[in-house]
Amino acid sequence: MYDHQNLEKKWQKRWQDSALYQTGTDPAKPKYYILDMFPYPSGAGLHVGHPKGYIATDIFARRRMMQGYNVLHPMGWDAFGLPAENYAIKNKLHPRAATAANIATFKRQLGLLGLSYGWDREINTTDPKYYKWTQWAFLEMWKKGLAYESSEPINWCPSCQTGLANEDLEDGKCERCGSDVEQKPMRQWVLRITDYAERLLADLEKLPDWEESIKEMQKNWIGRSEGAEIDFKIKDTDQAIKVFTTRVDTIFGCTYVVLAPENKLVVALKERVKNWPAVEAYLAEVKNKTDLQRTDLNKEKTGVLLEGMQAVNPFSGEAVPIFIADYVLNSYGTGAVMAVPAHDERDFEFAEKYACRIRKSVASLDDPENKTFGGCYTADGVLVNSGEFSGLSSESARLRMADWLEEKKCGLRKINYKIKDWVYSRQRYWGEPIPLIHCAKCGVVPVPEEELPLMLPEVDSYEPTGTGESPLAAITDWVNIKCPSCGGPAKRETNTMPQWGGSCWYYLRYIDPDNNEALVDKQKEAYWSPVDFYVGGAEHATRHLIYARFWHKFLYDLGVVSYDEPFTKLKHVGLIMGEDGRKMSKRWGNVINPDEMVAKFGADALRVYEMFMGPFEQAANWNTNGLVGTRKFLEKIERLSAEGPLPVKEDKKLLSLLHKTIKKVGSDIENFRLNTAVSALMILANELTEYRNAHQAWPFDAARFSCLLQILAPFAPHLSEEIWERLGNQGSIFKSVWPQFDPALIKDETVNLAISINGKLRATIEAAADISEDEAVVLARDNEAIQRWLAGKEIAKIIFVPGKLLNLVVK
RNA sequence: GCCGCGGUGGCGGAACUGGUAGACGCGCUGGACUUAAAAUCCAGUUGUAGCGAUACAGUGCGGGUUCGAUUCCCGCCCGCGGCACCA
């Protein structure tokens with residue numbers, strides 16, 4: 001009888017009592033640090049999809065344990081941030097209480113699954129002992145000038161009532177609540193992640209064990225483009241419009257210049273603009289558009305001519321008109337472009353509408369008139385109408401023209417990035433207080449290090465104020481303090497840090513969770529770091545994973561960590577969708593609760609099923625029938641040993657299969673191909689069952705049978721441990737040594753040799769594994785079916801793949 | 001539009017660097033056991049034709065390379081994810 005409920009309870013208790021999962025620290029052993037992205041303890045608890053990644057890392061960790069590693073496999077809570085706070089507000093709880101309750105639920109649910117976390121290293125980003133170091137790292141950034149105050153317009157979510165970083169948007173909407181985001185000028189703390197853009201991009205090369213897709217997403221996000229910044233002097237003034245372009249080679253085709261509506265030059269030029277009322281009207285029109293409307297690619301381009309002025313092309317000396325148009329973004333490059341309608345589609349579209357000149361300066365090699373391109377040829381070619389540069393290829397022209405610019409001092413080579421500096425302050429309660437003080441006399445002064453952590457104070461109301469200030473601003477006796485520098489009156493910074501702050505470095509804290517003197521002890525860091533294997537959702541590719549790399553590089557520059565990339569190997573977990581193929585959510589009523597599944601089918605069956613569903617990285621639809629299948633598989637294993645060991649009647653083939661399975665399961669776990677590992681275990685179980693039924697015996701002894709349990713144990717720990725004990729083995733199966741396969745036993749003596757004629761399979765013949773080509777041909781000629789295909793034909797060619805196939809080409 | 005990933009039975013999915021397509025699981029069909037059912041065990045299950053051995057077709061579509069292509073190349077179609085007036 002497979003009584004999973006009692007069995008799981010029994011072993012979970014024993015494992016806990018014996019501290020099985022305590023992180024090993026034997027310095028003689030190699031280390032392995034395997035990490036899950038720690039969860040956000042939401043109010044809804046876990047659904048069946050959440051633990052998929054945890055189960056996979058648990059399997060990996062248990063195997064490493066059995067391979068004799070010190071394994072660090074910790075878990076903790078990313079508990080600051082908007083959802084927890086919103087949940088608390090909705091349920092009229094203090095966020096701290098809501099968070100604690102949610103963590104308890106999560107922890108209980110994870111426990112039910114038999115995950116091997118060493119809870120002695122549990123961390124929580126909302127714990128002052130933890131966020132002391134988040135604040136400390138922030139202050140170090142501030143000291144290095146990497147945290148700065150800015151009043152530029154930022155993304156503002158009117159529903160969450162807080163500023164947001166670019167990374168917090170999805171399709172121009174708040175990633176959390178889906179509201180349309182506005183641009184609002186606000187005083188903000190911003191982190192200079194752009195200073196690290198080049199390293200964040202270049203160092204992706206150091207990460208061969210990251211999935212290509214994630215690296216591509218980061219590359220896109222960082223968005224490096226190489227080009228030039230060029231000064232277009234405004235005629236009859238000493239001012240100039242700076243434009244950024246990646247296509248200097250097209251500059252002789254420039255027929256006008258465009259400023260973004262928000263470009264500061266626009267207002268600066270007010271006095272000289274002859275049609276200012278029209279310009280002002282356009283600016284107002286643009287201001288009324290939402291970001292979504294503005295960036296809608298299908299909308300018609302609009303703009304307005306700045307009358308009474310012209311910009312001078314430094315190459316040709318030609319004066320061209322200046323427009324304002326909102327297809328130029330102020331937030332990228334210089335907020336101004338040189339328009340080359342003949343070689344840029346956006347400029348072309350605008351030029352057609354506003355009847356600007358279109359002048360070709362690059363000719364296609366295949367079609368020098370660019371006739372086939374409908375007036376707009378955007379690829380590289382040969383320069384024409386380009387003065388001394390005519391005749392050059394685009395590529396060499398870009399080099400020569402950049403040289404020319406720098407020589408004449410009217411421009412320079414420039415690299416631009418799409419990534420923006422990280423808007424780091426939130427006008428909300430539930431976050432780490434930013435440990436800075438504003439003094440009228442001294443300016444911004446840091447909270448002295450010995451006063452960290454700066455505790456998040458209690459407030460009467462932690463609901464967002466909507467005034468652009470956080471609820472902390474209302475606590476006057478907290479806000480008003482003496483300046484630590486001059487002793488004069490000063491005010492605390494009242495914004496808090498964003499949700500992503502605490503998760504930027506948490507993986508370091510697991511290494512040394514209780515250290516009050518340092519973020520992490522150097523020796524311990526040197527031993528455990530970097531994280532060998534990191535597993536989590538792909539949605540973090542351009543948020544957490546960029547932020548954490550940024551912080552880590554900063555900490556590396558500070559000398560806090562010994563290597564400049566935090567995560568050696570990275571895999572993303574594919575979502576588990578509902579049975580209807582949609583994302584699991586309350587909204588669709590398709591959520592499957594793991595507690596129920598564990599109660600009904602057992603934690604082991606659930607674990608095996610989630611691994612068996614398909615490739616780990618791939619999304620898969622839940623199907624409870626599949627869970628029934630893995631349950632049956634475990635029952636089959638249980639039955640094989642229900643009354644303890646059976647008499648042994650040795651069988652070579654099955655012993656060989658056992659060793660093949662040991663090999664396959666090992667390499668599959670290593671490659672995270674857990675679905676095929678399960679399938680290999682199933683095949684072995686099926687064969688053993690068949691043998692048992694035929695002979696009322698095992699094909700090998702209990703010691704070898706135990707090997708099956710050892711390779712099953714990471715997947716189905718409770719049942720494996722139970723049978724392990726039942727067979728008389730001493731100590732926990734997870735203290736045993738992972739079995740080795742015997743290469744000699746894996747070799748097959750005979751194979752089914754495929755015989756094909758002209759590449760089509762016509763027969764299979766059982767033959768010795770090391771059969772020679774000549775012998776194989778003899779066998780084939782003896783075969784009746786093959787004889788029919790050879791009748792009246794001549795063998796023109798023989799292809800022989802040893803141990804696999806013989807192909808006869810006949811005419 | 002750009003970048004990435006994918007398309008294989010009724011379903012989830014296997015198939016190592018080109019070498020027996022459909023492993024394993026679900027579902028379905030039949031059988032054994034049972035008074036019966038469940039469970040279990042055994043057999044079958046890509047399509048078409050045939051009682052059958054077998055033959056032909058078959059991995060999104062159209063071509064190509066090869067003795068041989070799910071795998072490689074060229075041109076398309078569809079789905080998913082990311083980025084997007086980024087100059």
Side-chain angles (χ1 to χ4, degrees), chain A residues 170-172 211-221 223-225 227 243-247 250 258 260 294-299 301 325-329 331-340 343-347 349-350 416-419 538-539 541-542 572 574-575 608-609 612-615 617-630 632-633 635-636 639 667 673 675-683 685-686 689-690 692-694 751-764 784-785 788 796-801 803-810:
Chain A
E170 235 163 46
D171 293 329
E211 284 172 54
E212 216 40 56
S213 60
I214 305 259
K215 287 199 272 189
E216 279 304 317
M217 281 162 79
Q218 293 210 350
K219 279 179 199 167
N220 280 341
W221 191 261
R224 181 185 198 271
S225 51
V243 303
F244 174 73
T245 180
T246 56
R247 293 294 306 274
T250 65
V258 192
R294 264 190 78 167
T295 51
D296 180 4
L297 283 166
N298 297 320
K299 80 157 201 221
K301 296 198 174 10
D326 69 353
Y327 80 91
V328 174
L329 305 175
S331 52
Y332 183 78
T334 59
V337 302
M338 62 176 212
V340 186
H343 305 295
D344 181 284
E345 280 175 21
R346 296 153 301 181
D347 298 338
E349 196 193 313
F350 187 85
N416 257 315
Y417 301 92
K418 280 197 257 185
I419 192 170
E539 70 273 18
T542 54
H572 87 266
L575 289 179
V608 174
Y609 173 59
F612 187 58
M613 288 177 86
E617 305 82 6
Q618 199 172 297
N621 295 352
W622 181 264
N623 179 0
T624 304
N625 278 336
L627 179 52
V628 173
T630 55
K632 283 185 188 166
F633 157 65
E635 284 173 358
K636 196 175 274 184
R639 270 197 303 276
S667 66
R673 296 161 55 121
N675 54 332
T676 52
V678 172
S679 142
L681 288 164
M682 284 173 166
I683 291 170
N686 291 344
T689 296
E690 198 172 322
R692 194 262 327 261
N693 291 343
V751 291
N752 284 323
L753 194 69
I755 314 291
S756 57
I757 307 289
N758 293 341
K760 268 189 184 275
L761 180 73
R762 295 303 177 187
T764 59
E784 211 181 308
R788 277 207 310 276
K797 198 175 172 186
I798 298 170
I799 286 131
F800 181 64
V801 182
K804 282 223 157 138
L805 135 160
L806 175 73
N807 183 30
L808 303 174
V809 184
V810 301

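Not measured: the values here are computed from a predicted model. The figures here come from the full heavy-atom set of this structure, side chains too, leaving out hydrogens, waters and symmetry mates. Below, read A as the first sequence line, B as the second, and so on, with proteins coming before strands; counting in each chain starts at 1.
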Proximal nucleotide (of [options]) relative to the [X] side chain:
X	options	value
Arg762(A)	rA55(B), rC3(B), rC26(B)	rA55(B)
Val337(A)	rC42(B), rC3(B), rA87(B)	rA87(B)
Lys760(A)	rC67(B), rA57(B), rC24(B)	rA57(B)
Met682(A)	rC24(B), rA87(B), rG4(B)	rC24(B)

Check every strand shown and say whether [X] touches a base, only sugar-phosphate, or nothing at a heavy-atom separation below 4.0 Å.
X	answer
Arg224(A)	nothing
Lys219(A)	nothing
Val328(A)	base
Asn686(A)	sugar-phosphate

What's the gap between [N] and [M] when it is taken at their [atom1] atoms, as a whole Å value?
N	M	atom1	result
rG31(B)	rA38(B)	P	13 Å
rC78(B)	rU20(B)	C1'	31 Å
rG6(B)	rA87(B)	C1'	33 Å
rC76(B)	rG22(B)	C1'	27 Å
rU59(B)	rA69(B)	C1'	11 Å
rU17(B)	rG10(B)	P	28 Å
rG19(B)	rG75(B)	P	25 Å
rG79(B)	rG68(B)	C1'	31 Å

Contact list (N/O, under 3.5 angstrom) for nucleotides 12-21 of chain B vs protein:
residue	atom	partner	partner atom	Å
rG12(B)	O2'	Met613(A)	O	2.7
rG13(B)	OP1	Gln618(A)	NE2	2.7
rA14(B)	OP1	Asn675(A)	ND2	2.9
rA15(B)	OP1	Arg673(A)	NH2	2.3
rC16(B)	N3	Lys804(A)	NZ	3.2
rC16(B)	N4	Lys804(A)	NZ	2.7
rU20(B)	O4	Asn752(A)	O	2.9

Side chain to side chain contact (heavy atoms under 4.5 Å, CB included) partners of [X], counting only residues at least two apart:
X	result
Thr542(A)	Met217(A), Trp221(A)
Lys804(A)	Val801(A)
Asn623(A)	Glu579(A), Tyr609(A), Asn625(A)

Can you measure [X] atom [atom1] to [N] atom [atom2] for me and round it to whole angstrom units?
X	N	atom1	atom2	value
Asp326(A)	rA84(B)	CG	P	17 Å
Tyr327(A)	rA84(B)	OH	C1'	17 Å
Trp221(A)	rA84(B)	CH2	P	5 Å
Phe633(A)	rU40(B)	CZ	P	14 Å
Ile419(A)	rG82(B)	CD1	P	18 Å
Phe244(A)	rC85(B)	CZ	P	16 Å
Asn693(A)	rC33(B)	CG	C1'	13 Å
Glu216(A)	rC83(B)	CD	P	14 Å

Notebook entry, point to check: Hey, does the side-chain of Lys301(A) have a donor or acceptor N/O within less than 3.5 Å of a partner on the base of rC85(B)?
Noted result: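 It does, because a donor-acceptor pair links the side chain of Lys301(A) to the base of rC85(B) below 3.5 Å.
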Item checked: Side-chain heavy atoms of Thr764(A) within contact of Ile755(A), under 4.5 Å ->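 No - every pair of side-chain heavy atoms lies 4.5 Å or more apart.
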Filtered N/O pairs between nucleotides 47-52 of chain B and protein, under 3.5 Å:
none

Could you give the distance from [atom1] ([X]) to [atom2] ([Y]), rounded to the nearest 0.5 Å?
X	Y	atom1	atom2	answer
Ile799(A)	Leu806(A)	CD1	CG	9.0 Å
Glu349(A)	Asp344(A)	CD	CG	10.5 Å
Leu329(A)	Thr334(A)	CG	OG1	11.0 Å

Notebook entry, point to check: Taking the nucleotide of RNA chain B with the closest heavy atom to each, which residue, Glu212(A) or Val809(A), is nearer the 5' end?
Noted result: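 Its nucleotide being nearer the 5' end, the pick is Glu212(A).
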Item checked: Toward the 5' end of RNA chain B, by each residue's nearest nucleotide, Asp344(A) or Ile757(A) ->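 In this pair, the answer is Ile757(A).
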Next item on the list: Could you pull out all residues at least two apart from Glu212(A) that satisfy salt bridge (Lys or Arg N to Asp or Glu O under 4.0 Å)?
Entry: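 Testing Glu212(A) for salt bridge (Lys or Arg N to Asp or Glu O under 4.0 Å), a comparison that skips the adjacent residues, returns Lys215(A).
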Checklist line | With sequence neighbours excluded, residues passing salt bridge (Lys or Arg N to Asp or Glu O under 4.0 Å) with Glu211(A) | finding: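 Per chain and number, Glu211(A) pairs via salt bridge (Lys or Arg N to Asp or Glu O under 4.0 Å) with no residue.
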Restricting to side chain to side chain donor-acceptor pair (under 3.5 Å), what partner residues turn up for [X], sequence neighbours left out?
X	result
Asn686(A)	Lys636(A)
Ser225(A)	Tyr332(A)
Ser756(A)	Asn807(A)

Check: What closest approach, in Å, do Phe244(A) and Gly333(A) show between heavy atoms, and which atom pair accounts for it?
Finding: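 Closest approach of Phe244(A) to Gly333(A): CB-CA, 4.3 Å.
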Item checked: Any residue meeting ring pair (Phe, Tyr, Trp, His ring centres under 6.0 Å) with Phe612(A), in chain and number order, not counting sequence neighbours ->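 Applying ring pair (Phe, Tyr, Trp, His ring centres under 6.0 Å) to Phe612(A) gives none.
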Next item on the list: Just label rG4(B) as syn or anti from its O4'-C1'-N9-C4 or O4'-C1'-N1-C2 angle, using within 90° of 0 for syn.
Entry: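 Anti, angle beyond 90° from zero.
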Next item on the list: Examine rC41(B): is either OP1 or OP2 under 4.0 Å from a nitrogen or oxygen in the side chain of Arg639(A)? Give yes or no.
Entry: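 So the side-chain polar atoms of Arg639(A) do come within 4.0 Å of the phosphate oxygens OP1 or OP2 of rC41(B), strictly under.
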Notebook entry, point to check: For rA87(B), does either OP1 or OP2 sit under 4.0 Å from a side-chain N or O belonging to Ser225(A)?
Noted result: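 So the side-chain polar atoms of Ser225(A) do come within 4.0 Å of the phosphate oxygens OP1 or OP2 of rA87(B), strictly under.
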Item checked: Ranges pairing with ranges for RNA chain B, where each run has three or more Watson-Crick or G-U pairs under 3.5 Å ->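 In RNA chain B, stems of three or more pairs: B:1-7 with B:77-83, B:10-12 with B:24-26, B:27-32 with B:40-45, B:46-49 with B:54-57, B:60-64 with B:72-76.
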